[in-house]
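Naming convention: chains lettered A, B, ... in sequence-line order (proteins, then strands); numbering from 1 in each chain. Just so you know, these numbers come straight off a predicted model, no measurement behind them.
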4 protein chains.
Amino acid sequence: MPVLRSIRERFAVERPLDGVRVAACLHVTGETANLVRTLIAGGAETALCAANPLSTRDDVAAALVERHGAVVQARRGEGPDAYADHIGALVKSRPQITLDDGADLISTLHAVGADAGMLGSMEETTTGLVRLRSLDGLACPVLAVNDARTERTINDRFGTGQSAFDGILRATNLLLSGRTVVVLGYGWTGKGIALRARGAGAEVIVCEVDPLRALEARMEGFGVMPALIAAERGDVFITVTGGRDVLRAEHFERMKDGAVLANAGHFDVEIDLAGLRALAVEVRDVLPLVEQYDLGGDRRLNLLARGRVVNLAAAEGHPAEVMDVSFALQALCVEYLARSEGKLPPGVQPVPDAIDDEVARLKLASLGVHIDVLSDEQRAYLGIWAPDAPVEG
Amino acid sequence: MPVLRSIRERFAVERPLDGVRVAACLHVTGETANLVRTLIAGGAETALCAANPLSTRDDVAAALVERHGAVVQARRGEGPDAYADHIGALVKSRPQITLDDGADLISTLHAVGADAGMLGSMEETTTGLVRLRSLDGLACPVLAVNDARTERTINDRFGTGQSAFDGILRATNLLLSGRTVVVLGYGWTGKGIALRARGAGAEVIVCEVDPLRALEARMEGFGVMPALIAAERGDVFITVTGGRDVLRAEHFERMKDGAVLANAGHFDVEIDLAGLRALAVEVRDVLPLVEQYDLGGDRRLNLLARGRVVNLAAAEGHPAEVMDVSFALQALCVEYLARSEGKLPPGVQPVPDAIDDEVARLKLASLGVHIDVLSDEQRAYLGIWAPDAPVEG
Amino acid sequence: MPVLRSIRERFAVERPLDGVRVAACLHVTGETANLVRTLIAGGAETALCAANPLSTRDDVAAALVERHGAVVQARRGEGPDAYADHIGALVKSRPQITLDDGADLISTLHAVGADAGMLGSMEETTTGLVRLRSLDGLACPVLAVNDARTERTINDRFGTGQSAFDGILRATNLLLSGRTVVVLGYGWTGKGIALRARGAGAEVIVCEVDPLRALEARMEGFGVMPALIAAERGDVFITVTGGRDVLRAEHFERMKDGAVLANAGHFDVEIDLAGLRALAVEVRDVLPLVEQYDLGGDRRLNLLARGRVVNLAAAEGHPAEVMDVSFALQALCVEYLARSEGKLPPGVQPVPDAIDDEVARLKLASLGVHIDVLSDEQRAYLGIWAPDAPVEG
Amino acid sequence: MPVLRSIRERFAVERPLDGVRVAACLHVTGETANLVRTLIAGGAETALCAANPLSTRDDVAAALVERHGAVVQARRGEGPDAYADHIGALVKSRPQITLDDGADLISTLHAVGADAGMLGSMEETTTGLVRLRSLDGLACPVLAVNDARTERTINDRFGTGQSAFDGILRATNLLLSGRTVVVLGYGWTGKGIALRARGAGAEVIVCEVDPLRALEARMEGFGVMPALIAAERGDVFITVTGGRDVLRAEHFERMKDGAVLANAGHFDVEIDLAGLRALAVEVRDVLPLVEQYDLGGDRRLNLLARGRVVNLAAAEGHPAEVMDVSFALQALCVEYLARSEGKLPPGVQPVPDAIDDEVARLKLASLGVHIDVLSDEQRAYLGIWAPDAPVEG
């Protein structure tokens, strides 16, 4: 994780977080440990609990406590009560800055009025942001790291674009070349998946409800059509809309024998599993991650990873370098909140462009890529006074 | 222009512009005539003058007057005085809505205080928007049609992406396959050009000053490097930054014999022509749109169209269907300003998403493409109450 | 034409054609002049007549005679009698080596028994090769330059792949992005056209009769289907099969209003023009190279360049660098025939791989590209004794 | 394996192999079992031994014996003596047709003079073909199934193109987007790998020794350069030349810290492992399939799967549908040899085009793809009398 490492090295010198109390409710994994160590290197007193007990690595938790001095409240497989206790413990530690993956920590702080006076918070999921935007009277700023441009670019488009197919291939060992792949949803992630499907030799069909996205997909040369028609043509279907029941009985009924169903959206509701089960005369496991739904009449549909997000459930999730960018963004946001000293307005707000730019700059450096800088004359011509502002094409 | 036609047909029925005085300072071409006819069909009293006397088609102007009842102040090749007179005439007509291509009309109205009370204005160039944003006390709303998402997508990325190469091929009859194309600037247009260069079999190098754009280019698999290094590798150079002196002496000095220089940005200042001339021992016209600069030492650089925007200067500019989308957007913006009845705040503001969506929807229809709609349950799940809001991927 | 120039420079030193009588029946153009000058530089006595009187450039013919000492029998627009006379004159000159574009010269020589004792001949069209393969008792070797791998790669795939769209855009100024392009025929040229159509943002459908080609197209991710179904989906149709009546009444009847018909095959029989005319209620010229066939019922089809090969009829044919490779191949074949001194067997035969390799090597040099060479150990491992034999992947 | 299944169904009806003795020395896997069952369905008496004891699945061997009546000589992990015995047993069974994966069986038959009188043999590796072409006096025909066009297209280009990256991703979880991938060797497999690398968002550099292949790579827009220069630029290196020591000390010394080395060629000699070891100050296993060679000076190279063919060693080898095509080809070749009744000339010879076409046709059918057929008039125009001959583009 070279981007985060370069930030850690700077933090160790500048100590921008000296004495700041930070609490994080995240997946307790090796990558998260790197983030925690970075915050500690910057001077923060850091406490951590697990956003999901199933992903907790106890060895990582132990090392953070013993070697790096973090407070960690997490045990693999812990139940709901333990989770509530751990959140409670973090709340009691009176954090000044929080990091969330689902908004549980900041919501609890808000419920007890402890968000007032905080330097700020961060949330890295769409779901958490929806939740926070609907809260009344949020008393501290919340940076929407989930919506940052680097996050969208690296994580959604290029990260999931690759890892979704990594999951599909590990589950099925299917040859993508010569197949028709139907991508349902053409948001950032859907764009990445459509691009990689084409790059793997598939014919690609996109289904959308948003006219501008649908138009963009069409202008890229993809087939665009209603899902009901695509259902008859596809060999592989990938849902990535953020919505629910994107594929349902009326689609299953039109699909070809052997069609593969995968979900790359966050929740396992994009494929209507109950509807699929109701149509099936028999369901059998044909491979470790493939359930075959026999619909009778010589038609069998293959569901991957029970409809859970396929890059995590069937492969290793994101490459470490994707997490590197996400956590670098979070580390810089913690620094920004600390340096802003509570002067930011309360409520959900975007990550400042300057942070996005800095992450991009560090990522380019890690790739060994150098770029140009504007001369003063060029800057004057463009009417730019801020340093390093972009040139419009 | 099927999109604009469908709007014209609706306007003729609904008459949303009945009695509204509209003035436009645009290129007086066949495409513009279609826009003017659409406004008239909607009930507007429309006056037109020429944003650029060189593009004026006198036959089009005559037909608008004689057949469609527009007031037209334009003559091909007219001088600056005539231009000032024509703007003045339009100002005197006390327009309620204006359309600009460079902000001359609205600026003049503002200078005499006539923007107060106007329903609003529209501007379709980046340059015009920069100018308007720097004006003090603009008293009416100005819709930044130049920044609308459909405009950016269809016009910049897909339109110029294609037509820039159309211009380069007509000027040179060069085989792009096997060549190294250097694209300077990776904004919307630069993205389109890089995409098409790759699609034509070229190796593509991108030069940028903005780190996030540079990172995005790199993640797409393009070579990204400083222009000084790219200068040694490129066979064809295309500037599209919006800035100036992007290619200059230090670059020319490193370029290979036979390199081709083209500009796809709005102004002819992206390639430093004076710097190029200063280095040359001889300049000769080798083809109608190709000037060869002999730098001595067996190195010759080929400048296309004297550095003017290559898709307009060497080919036919945008395909009609690109203008169709641009003018559809403008027609709908005129309607929006008329229906808003002066309730919008003053100042430059974005085109509402609903207008972008409507243009996309009409364009999809013209391509014969149908898309899905959300069910009520799906809409509820997504927390969307407005009609036709997009699904996040 | 840097490849041919490098050969001319070597020929001028080595004089491999000293005193050899060469006769060529080719298009009398600037590119051909470069070939003739190369042969003369190698020592050949060269005579030239025009394969097609419409392409003859009289100034080129004159310069070849006056400045370079060639014998030229060609006048722009000459009739069939003059053509026969010119062929006759070349036959009388008792050439030792001939170059043909359609096999007229060598056929005439064969008819009078003058092929016996010749060093050999070359033919650069598929049609000419079909004709020669059906001849009884051809008495000299004929090199099938048309089938050489460099010719197929550079000329067919990359040359026509680009120039066909150059022609279509010049004729129509159509935006390819978002369109469905149907490519009929997936030979070398069809592959190039399909590749470029995709690279321009189109959705691509391929129609074929050969199962292996159809399979290859499908594995590349193209839609593959019978032409009758594709007829309903396409916006642009391009025939490139080498056959006839590829598009005919049954297809026209299914096409969408506004469909564009172009031919990129050698002859204008791929689109059944008579059949199209028979269906039309009206035909009008809508643009210089576009005839619109109104089929009634609001369906109009747009035929480009009257069905003649679109890259030649609507654009400038091949880029000069494509002809550079073709004529370099021919120059090296003349040398090979001269150096073989009549020891080759009679009949049509492939161009030796070593010549293809040499042309590729010179072309790479002209592009500034360097490649690796095998060590002796690597060569031994591969069991290769000949110099520079390829490594199999 | 739908293609092989359709052949099995026909064989069961037509019994083209009735009483023919067939012996095969292949990998004893589930896919091979399908081939053996197909031959048995066609009436053959079939014996099988294992070309590689490590790939033998004992359960498959048992099932072939018990359920399908094959003779199988194979046990997982058997030593060289057992292998020799098994080959010997097959030789003694006096096969009329043999299938080989490395030419051991037919070579042994030839050594004892038993190839005389055989109906023929097949060989599916390049290495085996090299070996057979160097044999004196081979007395029966050998079909080079390895060189068949469907085999090259489906297996090499599309199969290995995908599965090589499947292996690399499983071993490293690397993000390909934004990386520079160097492909050494641009034969059929190298083409597939380069195509997929680009499709995954990488910048691609090709290294070659063959000028025509190098030119083709360049015309596709790939960077082409000597391996010594590419060594400094690459993030991931993939060898696929068929040769040896393609990457060696001089390349390792120039590589960047963190570079990944993978081999997709048949043998593990393409990366000079001894040379790599000699440069390293330390070697450690960093992941199950990744050895890190620390070269000192902050440079570490990551070798995948100890240089063995990465799609087999790090992933599951080919998708089943790739083997389906390979074995369909072999089944049809067995039928062809049986029906030819010994009338074919002895020696290595290509698979007849009609068999390639039939495999392609069956594969298209399995993909649900339909294609056109020529009319009699079209066929006459093309001068084709054989059924279903291809149309030249």
Measure the spacing between [atom1] of [X] and [atom2] of [Y] and express it to the nearest 0.5 Å.
X: C/Y381; Y: D/T241; atom1: OH; atom2: OG1; answer: 8.0 Å
X: C/Q378; Y: D/E270; atom1: CD; atom2: CD; answer: 9.5 Å
X: D/L364; Y: C/E208; atom1: CG; atom2: CD; answer: 10.5 Å

Set out, in order, the CA-CA distance, both residues' side-chain angles and the distance that settles salt bridge (charged side-chain N to carboxylate O under 4.0 Å, His left out) for C/E220 and D/R157, then state yes or no.
CA-CA 10 Å; C/E220 291 284 6; D/R157 184 144 53 121; 3.0 Å; yes
Do [X] and [Y] come close enough that some side-chain heavy atom pair is under 4.5 Å?
X: C/D245; Y: D/E377; answer: no
X: D/L367; Y: C/L215; answer: yes
X: C/D357; Y: D/D210; answer: yes
X: D/V373; Y: C/V209; answer: no

Side chain, backbone, both or neither of [X] within contact of chain C (heavy atoms, under 4.5 Å):
X: D/L195; value: side chain
X: D/R248; value: side chain
X: D/V130; value: neither
X: D/V269; value: side chain
X: D/T150; value: both
X: D/I154; value: side chain

Heavy atoms only: give me the nearest C/P211-D/R361 pair and the separation to one decimal.
CG-NH2, 3.6 Å
Top contributor to chain D contacts, counting heavy-atom pairs under 4.5 Å, from C/V206, C/V246, C/V224, C/T153:
C/V224
With chain D, the option among C/V369, C/L228, C/T160 that has the most non-hydrogen atom pairs under 4.5 Å is C/V369
Report the option among D/E358, D/R149, D/R218 that has the most heavy-atom pairs separated by less than 4.5 Å from atoms of chain C.
D/R149
Can any side-chain N or O of C/D372 pair as donor or acceptor with the backbone N or O of D/P226 at less than 3.5 Å?
no
